[in-house]
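Each remark here refers to the structure printed beneath this line.
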Amino acid sequence: MVAVPDRILMSAEEYLVWELTQEQRHEYWDGEVVAMTGGTRNHNRVSFNFFKLLDDALADRSCEVYIVDVKVQVEPGQKYFYPDVVVTCDPRDRDPQLIQFPCLIIEVLSPSTEAADRGKKFAKYRQLPTLQEYVLVQVAQPGVEVFRRNEQGKWVLSEYNLDEILRLESVDVEIAMSTTGYAYADLYRQVQFETEAIEENSIDNH
């Protein structure tokens, strides 16, 4: 999502009550309330596709998948973010407003948010002890980056491009990244890429 310069100050307690009455979504950064605006059609479509794929795959499991409008408590009383998709499999997650114990967080990249998603947001997200994977999804061209927490607690990057299977170990789900011509797998269903970006990505992977 895209942050706009409409900022006000309030306590976390005030924010959580006030946010329930707002039509627009707002994130919370150390006392600052930051209004969020919508993304592009591609951004919205990829977010929904990822949500649907995970929701279907986890239908018979004790996991819950949320999209866009459910916030994550990144740091109690300090930081509350709205990821594009979040999954929790933790029975302690019973707060009606927010997720506290996510295992998987997905951010769909856009030019205005990519730096924050890769930088300051990821720096805060990875402090969550239950988070096992952080996923960044490209929409300018097909491609997914998965950061996984290994047994030593270090974050390791795996990249997925065309003709590969995206594996999400945190929820034991596999998603096809394969293509037939320009007909993309479900992850990129109804997403229109620029021809140059597709051709460049195809060349890079051969």
Residues forming a side-chain contact (heavy atoms from CB on, under 4.5 Å) with [X], sequence neighbours excluded:
{"X": "V137", "answer": "V46, F50, I106, V108, V135, V144, Y188"}
{"X": "L20", "answer": "Q97"}
{"X": "E64", "answer": "Y66, T88, R94"}
{"X": "N150", "answer": "Q152, K154, V156"}

Measure the [atom1]-[atom2] distance between [X] and [Y] for me, rounded to the nearest 0.5 Å.
{"X": "L187", "Y": "I175", "atom1": "CG", "atom2": "CD1", "answer": "6.0 Å"}
{"X": "I105", "Y": "R126", "atom1": "CD1", "atom2": "CZ", "answer": "12.5 Å"}
{"X": "D84", "Y": "T113", "atom1": "CG", "atom2": "OG1", "answer": "7.5 Å"}
{"X": "N49", "Y": "I67", "atom1": "CG", "atom2": "CD1", "answer": "9.0 Å"}
{"X": "L53", "Y": "E174", "atom1": "CG", "atom2": "CD", "answer": "13.0 Å"}
{"X": "L54", "Y": "C63", "atom1": "CG", "atom2": "SG", "answer": "10.0 Å"}

Ignoring hydrogens and angles, tell me if any N or O in the side chain of [X] forms a donor-acceptor pair with the backbone of [Y] under 3.5 Å.
{"X": "R149", "Y": "L131", "result": "yes"}
{"X": "S47", "Y": "H43", "result": "yes"}
{"X": "N42", "Y": "A140", "result": "no"}
{"X": "D55", "Y": "V65", "result": "no"}
{"X": "Q132", "Y": "L104", "result": "no"}
{"X": "N161", "Y": "G143", "result": "no"}

By salt bridge (Lys or Arg N to Asp or Glu O under 4.0 Å), which residues pair with [X], not counting sequence neighbours?
{"X": "R92", "result": "D90"}
{"X": "D69", "result": "R25"}
{"X": "R118", "result": "E114, E145"}

Closest heavy-atom pair and its distance - [X], [Y]:
{"X": "E107", "Y": "Y125", "result": "OE2-OH, 3.2 Å"}
{"X": "L98", "Y": "D93", "result": "O-OD1, 4.3 Å"}
{"X": "A35", "Y": "Q24", "result": "CB-NE2, 3.8 Å"}

Stacked cation flag K124 on F81, 6.0 angstrom / 45 deg: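 Not satisfied by the 6.0 Å and 45° rule.
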
For R61, is the CZ atom crowded, meaning more than 12 foreign heavy atoms sit under 6.0 Å from it?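 Atom CZ in R61 is packed in, count exceeds 12.
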
Are K71 and Y28 close enough, and set up right, to give a side chain to side chain contact (heavy atoms under 4.5 Å, CB included), and what steps lead you there? CA-CA 10 Å; K71 67 177 78 66; Y28 188 79; over 6 Å; no

Yes or no on side chain to side chain contact (heavy atoms under 4.5 Å, CB included) for K120 and K79, after CA distance, side-chain angles and deciding distance? CA-CA 12 Å; K120 60 182 182 179; K79 294 177 179 67; over 6 Å; no

Partner of H26 by ring pair (Phe, Tyr, Trp, His ring centres under 6.0 Å), out of Y82, Y15, W18: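 Filter result, single survivor: W18.
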
Determine all donor-acceptor pairs shorter than 3.5 Å in which one atom belongs to a side chain in residues 166-173; sequence neighbours excluded.
unit_1 : atom_1 : unit_2 : atom_2 : d
R167   : NH1    : D172   : OD1    : 3.3
R167   : NH2    : D172   : OD1    : 2.9
S170   : OG     : E133   : OE1    : 2.6

Qualifying residues under ring pair (Phe, Tyr, Trp, His ring centres under 6.0 Å), relative to F122, sequence neighbours excluded: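 By the ring pair (Phe, Tyr, Trp, His ring centres under 6.0 Å) rule, F122 matches Y134, F147, W155.
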
Test of understanding: with side-chain hydrogen bond (donor to acceptor under 3.5 Å, both in side chains), list the residues that count as partners of Q190, not counting sequence neighbours.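 Checked Q190 against side-chain hydrogen bond (donor to acceptor under 3.5 Å, both in side chains); matches are R45.
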
Examine I8 and L16 and state if one hydrophobic cluster contains both, with Ile, Leu, Val, Met, Phe, Trp and Tyr joined whenever side-chain heavy atoms are less than 4.5 Å apart.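 I8 and L16: one cluster.
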
What about V85 and F101, same hydrophobic cluster or not, with Ile/Leu/Val/Met/Phe/Trp/Tyr joined at side-chain heavy-atom distances under 4.5 Å?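 They do not share one cluster, since no chain of ILVMFWY contacts under 4.5 Å joins V85 to F101.
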
Partners passing disulfide (SG to SG under 2.5 Å) against C103 (at least two apart in sequence or in another chain):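 By the disulfide (SG to SG under 2.5 Å) rule, C103 matches no residue at all.
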
Sequence neighbours excluded, every pair satisfying disulfide (SG to SG under 2.5 Å) that has a member inside residues 137-176: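 Disulfide (SG to SG under 2.5 Å) check on residues 137-176 returns no pairs.
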
Tell me, with the steps shown, if Y80 and E19 meet side chain to side chain contact (heavy atoms under 4.5 Å, CB included). CA-CA 11 Å; Y80 298 85; E19 178 73 348; over 6 Å; no

